[in-house]
Every structure is written in structure tokens, then in C-alpha cells.
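Right, one structure below, let's go through it.
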Amino acid sequence: MSKRRAFWLGAGAMVAAMAVSGAAFAADKKQPKKKDYRAAALEVMKASFQARGQATLDRLNQDEAQAACSRSAAGEPLASDLKKKMEEAQSATVKYPADSKYLGSWKSGERIAQTGRGLQFSDDPSEPAGGNCYACHQLSQQEVAYGTIGPSLYRYGKLRGNSEPMLKYTWAKLWNAQAFNACSDMPRFGHKGILTEEQLKDVMALLFDPESPVNQ
Amino acid sequence: MNEQRRLVLKAGSSLSLLALAYSSGLLRPGAAFAADWNKAAFEGKNLDEVMKAFGGSAPAESKAIEITAPDIAENGAVVPVTIESKLDKTESIALLVEKNPSALSAQFDIPAGTDPYAMVRVKMGQTSNLIALVKAGGKYFFATKEVKVTLGGCGG
Amino acid sequence: MIRRTRIALLAVGLAMASPTALAQDQAAEGIAQYRDMLEDDNPADLWELRGAELWKTPGGPKGASLEKCNLGLGPGIVKGAYVRLPRYFADTGKVQDLESRLITCMMTLQGRSFEEATKQHFGSGSEKKSNMEALVTWIAAESRGMKIQVSTTHPKEKDAYEVGKQIFFFHGGPHDFACSTCHSQDGRRIRLQDLPNLTTPEGARKGFGTWPAYRVSQGEVRTMQHRLYDCFRQQRFPEPRYASDAITALTMYLAVSANGGEFAAPAIKR
Amino acid sequence: MADPMKIRANLQADGKVLVKVLMSHTMETGQRKDSGGKLVPAHYIQSVTVTHNDKTVLSAQWGPAVSKNPFLGFRFSGGKKGDKLIVKWVDNKGETRTDEAAIG
């Protein structure tokens with residue numbers, strides 16, 4: 001764990017150093033005028049991509065968060081006040097279940113966690129989308145084919161308990177991960193309509209139900 | 001059985017003969033070369049049914065058969081398997097995948113002068129036992145090995 | 001052997017981090033063993049054989065072969081061409097990757113239309129084979145073992161690189177994914193597949209330097225063109241057009257990042 | 001017409017010949033559906049025969065569970081450098097392909 005933290009601190013320091021050099025670069029008047037490669041890239045993409053099935057060209061129209069995160073990924077880190085503002089804006093999008101019930105069926109949740117299909121141009125839009133949780137997270141012990149892009153969620157409920165605030169926090173994280181961490185790698189499952197409210201309840205059950213393989 | 005197969009293959013290897021057989025309506029496509037192909041064995045759902053098709057009695061487990069296959073296959077579409085028999089007078093080697101819809105994948109006749117050794121790659125629908133079935137000195141023997149099949153990719 | 005060591009080190013790291021390290025260790029070891037067993041006897045050899053034949057076979061309205069095609073080193077020179085692509089071509093005034101360049105040759109030398117040159121650009125995984133994939137496999141194989149050395153000296157090459165870099169970091173679609181979501185950190189994995197960090201020379205070499213590859217899951221050799229196409233599909237983006245400028249630019253970014261590495265394709269992958 | 005096989009036959013230090021063959025074949029199981037939801041008909045190699053100096057050194061029967069673009073490996077004794085090896089397959093539609101290689 002400590003190793004992991006050290007890595008993140010290291011990465012943070014590196015990003016800060018880049019910000020400084022970036023500022024120096026911008027201030028240097030002798031540099032020839034920089035081409036706007038970001039605008040050029042968007043133009044090239046619009047000419048190179050075509051709509052197919054449910055994947056229409058408007059998917060290339062970035063929302064504010066996507067545009068800011070692209071700039072940040074390409075080497076212009078978010079200023080801390082902007083990051084905070086973005087997280088507040090994302091936080092405001094979270095919709096909690098109308099009936100205040102957070103937990104559905106862990107069995108359906110496990111299926112959603114295993115399925116990676118949905119919203120691709122090759123997918124049938126009438127089929128429900130998956131959450132593909134295992135692509136990035138460890139969840140149960142039985143599934144060894146899990147990814148490491150996100151942290152392990154093994155024993156998620158067992159370790160944290162299922163108090164109201166914990167349920168609410170987790171719901172919000174699934175709905176819009178960027179509410180807590182601007183430019184998180186995790187999709188905004190509720191906000192972007194990837195998973196329905198009912199599917200999210202099933203994923204919640206996978207995380208919290210004592211019977212779920214996650215908590216064994 | 002081997003002799004018979006060779007004869008059939010020899011006869012079938014003449015394309016003009018085959019064309020004649022087709023045009024005269026004597027043969028349906030697929031029937032020509034498959035005459036010696038052990039349809040019943042390849043349709044067997046499990047070891048018992050395959051054994052019945054081979055006309056053999058219940059095989060005995062043997063440590064003299066070695067299966068080399070990965071413990072985990074990253075993709076079930078291609079699982080590399082090597083089978084080596086150390087049994088005297090090995091006549092044939094067959095590979096079965098216990099949980100495939102039809103168990104038998106491949107069968108190799110081993111003539112004198114050829115090592116009792118075969119490498120092949122097979123499809124596995126799910127995590128399952130591989131069964132190597134060896135006929136030696138007229139009797140059947142087997143060994144098993146489990147291969148786990150995993151999921152992969154980010155598009156499901 | 002080297003890979004084994006790496007896996008062992010990875011396993012040690014996991015042992016400290018995870019309660020299920022043992023299962024994970026076995027999984028990693030098992031996958032390494034699986035890949036070792038497939039490394040020899042790569043079915044990509046069959047594509048290579050077919051591609052070599054296709055290069056020499058007359059075709060198109062002009063009944064010409066591709067033997068006079070200039071892939072950047074002069075007409076007909078194939079060896080070493082792949083590790084210097086994409087590059088700027090004066091006759092078209094464009095930066096082109098191998099597929100785009102082959103299309104140019106099929107149009108100019110053989111008299112084919114663009115549509116005809118690209119009609120089965122990806123094999124279907126069954127009986128419909130792609131001549132393009134076979135040609136690319138053979139041409140790439142002719143550069144196996146050479147150093148990747150893609151130039152950015154021409155202004156248009158530099159532009160393609162910079163545009164490709166922006167595309168790499170472009171977040172979009174319902175999942176917010178960019179190429180960089182999965183490919184900008186070390187030591188990450190999706191399911192059990194290692195994700196090369198394409199923003200480092202080592203990672204870019206591992207990524208760019210091992211395509212084309214035989215995909216056992218598809219029963220086809222796939223080229224960089226298809227790899228990027230499929231990444232965008234999984235990113236939930238619209239469909240990239242075959243041999244389009246976005247694909248060329250992104251390939252340019254990856255190739256330049258991989259410069260100095262040894263080209264190790266055709267490979268075999270999941 | 002099916003594509004050529006790739007055959008490698010090498011004399012080993014122990015005097016045996018190691019044969020490795022890659023075949024170009026779709027090996028359709030008959031259980032897969034195409035993008036339109038229709039079953040793709042079964043199409044797979046059913047028999048493979050390898051001969052050396054008119055003697056059969058291996059004969060195999062295969063089902064649809066052998067992987068696409070099949071690989072076959074085996075060893076036999078009695079081969080010399082330069083000897084001709086003939087590999088032939090026949091599939092369930094009656095299509096066939098024969099290729100040869102010299103032992104190296």
C-alpha cells in the first residue's frame with residue numbers, strides 16, 4: 001500500500017514539474033507561434049470517423065469535463081481550483097434512487113460486472129449494456145481474470161459495512177466517479193446512461209450483499 | 001482398420017474419380033472422403049460414448065501418458081496440447097475435451113517407426129479436463145489434465 | 001526465460017499487495033506458459049506466404065503486379081520499408097502508413113479504384129480472407145529484427161505526429177475513454193492482458209513493435225490498422241475509416257515513440 | 001482453392017525427424033452464428049495423412065474442435081535429409097490439399 005502511495009506522490013511531483021516548464025514555455029516570446037494541434041486533431045478525426053449503428057459522430061463532441069481531461073492527459077495538468085470546480089459540477093449530477101433502496105440482486109450484478117458489451121458500434125442497442133467491472137477491478141476470488149486499472153474491490157462490503165452514508169457514497173461513485181476524482185478513468189455509469197438505475201442497484205448488491213462472492 | 005483407411009484414401013485421392021462420383025450422383029459432397037471418418041466417435045458426448053464408438057472397453061488410468069498443456073489458456077479458441085505415451089505398442093492417441101459439446105477433438109494413428117507423440121491445438125468452450133486416450137497393445141488407457149479458460153479484452 | 005523472471009517479480013509484488021496473491025501468481029505463471037507454447041509455429045506464417053505471392057501476382061485493370069510499388073525506399077524495395085513507415089511521400093503529398101501506401105500502388109500501378117483496393121480490408125474470421133492483411137504481414141515480416149526508425153523531419157511528418165499525439169489523449173464518447181485511459185501508466189492490466197504504457201519508449205516498442213499479430217481469438221492476422229480500429233470500437237467511438245488520416249496520425253505517434261526498438265512482428269496474441 | 005500449408009521437417013540430433021505443419025483452414029464448428037444470427041455451416045478438416053517414401057508415417061482424424069488454422073506436430077524415425085514428405089488433408093466438404101516438403 002505504501003508503495004502505491006509513493007508512486008502517486010512521485011507522479012504528482014512530476015506533473016507539477018511539467019506545469020512549471022509549461023508556463024516557462026508559454027512565456028518565452030522567441031518561440032515560433034505554436035500550431036493548434038488540438039484543433040487540427042479534432043478536424044482530422046471528424047473527417048476520419050463515420051457514424052455506425054448507435055455510435056454516431058456526436059460522440060466526438062466533448063463535454064467540458066472530457067475537453068479538460070484531454071488537455072490534462074496531454075500534459076497540461078488541471079489547476080487545483082478547476083479540479084475542485086469540476087468535481088462539484090459532477091457531484092451535482094448524481095441522482096439517488098427514488099425509493100431510497102440501494103440494493104438489488106448480486107447475481108444480476110455479477111453478470112453486469114462480467115459483461116463488457118454495450119454502446120460499441122458493433123453492439124445491438126436493444127441488448128442491455130454491461131459494466132465490465134472485472135476489466136479493471138478485482139471483485140470475487142473465483143474470477144482470476146481481472147484487471148488492475150482500478151483498485152481491488154474484494155470484500156468491499158465486508159470491510160466497509162453497509163451504513164447509509166457508505167451506500168450513498170458508493171452509489172454516487174458508480175453514478176459519476178468524477179464527482180470524487182476529476183478525470184477519473186472510471187466511466188460515469190449513471191450520468192452517461194451506461195447502466196440503468198436497476199442495473200446500478202444490482203452492482204451495489206454485488207458490492208454489499210453478505211451473500212455476494214465479493215464478500216466471501 | 002488402418003489398412004482399410006489407407007485404401008479408401010488412395011481411391012479417393014483421384015480427383016477425376018471423385019468428380020465422376022459426384023456427377024453420377026453416387027456420392028453426396030462430404031460423403032466421399034468421410035467414409036472412414038468415425039462419425040459416431042466424433043459425436044460422442046463423453047468418454048463412455050467415444051469408447052463405445054471405438055469399440056473398446058473401459059480404459060484404465062495410466063501414469064505412462066503425459067499431457068503437456070497450459071494450466072490457464074488466455075483464450076479457449078487455441079489451446080496447445082502435446083500428448084506423449086510411454087506405453088509399449090502404442091497404436092493410437094486421442095484427445096478429448098470433457099466439457100465440449102462433442103468430447104473427441106482429434107485421433108492419431110501411430111504406425112511403427114512413428115513416436116507415440118502428437119502436438120495439436122484445440123478449442124475449449126470452458127474450463128475443463130483434457131483426456132488423453134491411448135490404445136496400446138489392444139487395450140485403452142487414459143490420463144487427464146485440467147485447463148482453465150479465462151475471459152479477456154475490454155469489449156466483452 | 002526473461003519473461004518468466006518478469007512474471008516472478010510481478011508475483012512477488014502482488015504477494016505483498018493482495019490477499020489472493022497466490023491465485024494471481026498461478027494465473028500469471030499459467031498465462032506465461034500458454035504464450036510460450038504458442039510462440040513457435042505462428043499461423044501468421046500462412047499470411048506471410050500468401051502475401052509474398054500476392055506481391056508478385058499481376059492484377060487489376062492494368063494487369064500489373066505490385067513489384068514496382070515504392071514503399072519509401074525506392075520501387076520494389078521491401079526489406080526495411082515497414083520500420084520507416086509512416087512517412088511523407090512527395091507523389092501524393094501525404095504522410096502514409098503501409099496500408100494507405102499499398103492502396104496508392106494498387107490504384108496507380110494496377111489501375112484499381114479505391115473501393116476495389118480496400119474491399120476486403122479486414123478478414124472476416126471465416127473464409128473471406130483479406131489480401132491487404134496478407135500483404136502487410138509479409139512486408140512487415142521483411143523488417144523483422146530491424147530497428148524502428150520513423151522520421152519526423154518533414155513538416156508534414158511532424159504535423160502527423162503532433163496530431164496523433166492529441167488523438168491519443170482525446171477523451172470522448174459515453175465512457176469518456178481515450179487511448180491514454182488504458183495506455184499511459186506502467187504495470188496495468190485489463191482482465192489478464194498487460195497494457196503497454198504507450199507514452200514511454202519501452203511501452204511503445206512493445207505495442208507498435210509487435211503488430212501485425214495473429215489473434216488466436218479471431219483466427220486472423222491483424223495489422224496496426226485493425227488494432228487501432230478495434231481500440232476505437234471499444235472506446236465507444238464512431239467507426240474510423242480504413243486508412244484514414246486519424247489512423248495514420250495515431251500510428252505515426254506510436255511509431256515515433258517506438259523509435260530505436262527492435263521490430264518483432266509478426267507476433268501471436270490472445 | 002485452399003492456401004498452401006507450411007511444412008517444416010527437420011532431422012534432429014537423435015536421428016528422428018520432427019515434423020510441424022500449419023494448415024490454412026477455417027475449421028467452422030457449425031455452431032457459430034454469423035452477424036445476422038444465422039448458423040455458419042460446419043466446415044473442418046476430417047483427415048490428415050503424412051507419407052514418407054510411400055509409407056504413411058501419420059494419419060489423423062479430426063473433429064471441428066481442432067483450432068482454426070490447425071497445427072500438427074509429430075516425430076518419426078527413418079527419414080534422411082532431402083527426403084520428400086507429403087502432407088494431405090481432406091475436409092468434410094470433400095475439399096482437399098496436398099503439399100510437400102524436403103526434410104532439412
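Chain letters run A, B, ... following the sequence lines, proteins first and then strands; every chain starts at 1. Remember, it's a predicted structure, so these values are computed and weren't measured experimentally.
Of all non-hydrogen atoms in A:Q178 and C:D176, the two that sit nearest each other are NE2-OD2, 3.3 Å. The two residues C:I167 and A:A41 come nearest to each other via the heavy atoms CG1-CB, 4.0 Å. Closest of all the heavy-atom pairs between C:P240 and A:F49 is N-CD2, 3.7 Å.
Ring centroid separation for the pair C:Y161 and A:Y37 does not come in under the 6.0 Å cut-off.
Contact annotation for A:A47: only backbone heavy atoms (N, CA, C, O) come within less than 4.5 Å of a heavy atom of chain C. For chain A, the nearby parts of C:T181 are the backbone and the side chain; heavy atoms of each come within less than 4.5 Å. There is no contact between C:I247 and chain A, counting heavy-atom distances below 4.5 Å. Looking at A:Q54, neither its backbone nor its side chain comes within 4.5 Å of chain C, counting heavy atoms on both sides. Contacts of A:I194 with chain C are made by side-chain atoms alone, with heavy-atom separations under 4.5 Å and no backbone atom involved. When heavy atoms are compared at a cutoff of 4.5 Å, C:F177 approaches chain A solely by way of its side chain, counted from C-beta outward.
Contact count against chain C (heavy-atom pairs under 4.5 Å) is highest for A:A73 among A:S184, A:A55, A:A73. Most heavy-atom pairs under 4.5 Å with chain C: of the set A:G193, A:C136, A:S122, A:A65, this distinction falls to A:S122. Comparing C:S244, C:A246, C:P174 by heavy-atom pairs within less than 4.5 Å of chain A, the highest count is held by C:P174.
We find the SG-CZ distance between A:C69 and C:F169 to be 13.0 Å, quoted to the nearest 0.5 Å. For the atom pair NE2 (C:H175) and CG (A:D185), the distance works out to 13.0 Å, reported to the nearest 0.5 Å. The structure places OH of C:Y242 at 14.5 Å from OG of A:S48, a figure rounded to the nearest 0.5 Å. Rounded to the nearest 0.5 angstrom, C:Q235 CD and A:R59 CZ are separated by 12.0 Å.
Enclosure of atom CD in A:Q50 by more than 12 non-hydrogen atoms of other residues, nucleotides or ligands within 6.0 angstrom is indicated. Heavy-atom neighbours of A:K192 NZ from other residues, nucleotides or ligands within 6.0 Å: above the threshold of 12. For A:E198, the CD atom is loosely surrounded, since the number of other residues' heavy atoms within 6.0 Å does not exceed 12.
Only one option out of A:R71, A:M45, A:R38 pairs with C:Q166 in a side chain to side chain contact (heavy atoms under 4.5 Å, CB included); it is A:R38.
Side chains of C:P238 and A:T56 form no contact here, defined as non-hydrogen atoms less than 4.5 Å apart. For the pair C:L192/A:Y146, no side-chain contact is recorded, criterion being any heavy-atom separation below 4.5 Å from C-beta on.
Remark: the backbone N or O of C:G173 is paired with a side-chain donor or acceptor of A:Q66 at under 3.5 angstrom. Here the side chain of C:R189 pairs no donor or acceptor atom with the backbone of A:A145 at under 3.5 angstrom. A donor-acceptor contact shorter than 3.5 Å links the side chain of A:S70 to the backbone of C:H171.
Note that A:R52 lies outside the cation-pi zone of C:F237, set by a 6.0 Å cut-off to the ring centre and a 45° limit from the axis.
Salt-bridge check for A:E143 with C:R191: passed, with a basic side-chain N closer than 4.0 Å to an acidic carboxylate O.
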Chi angles and distances behind the side-chain contact (heavy atoms from CB on, under 4.5 Å) call for C:E162, A:K35: CA-CA 9 Å; C:E162 292 293 346; A:K35 285 193 191 174; over 6 Å; no
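Between A:T148 and C:R188, the side chains place no donor N or O within less than 3.5 Å of an acceptor N or O (distance only, hydrogens not considered).
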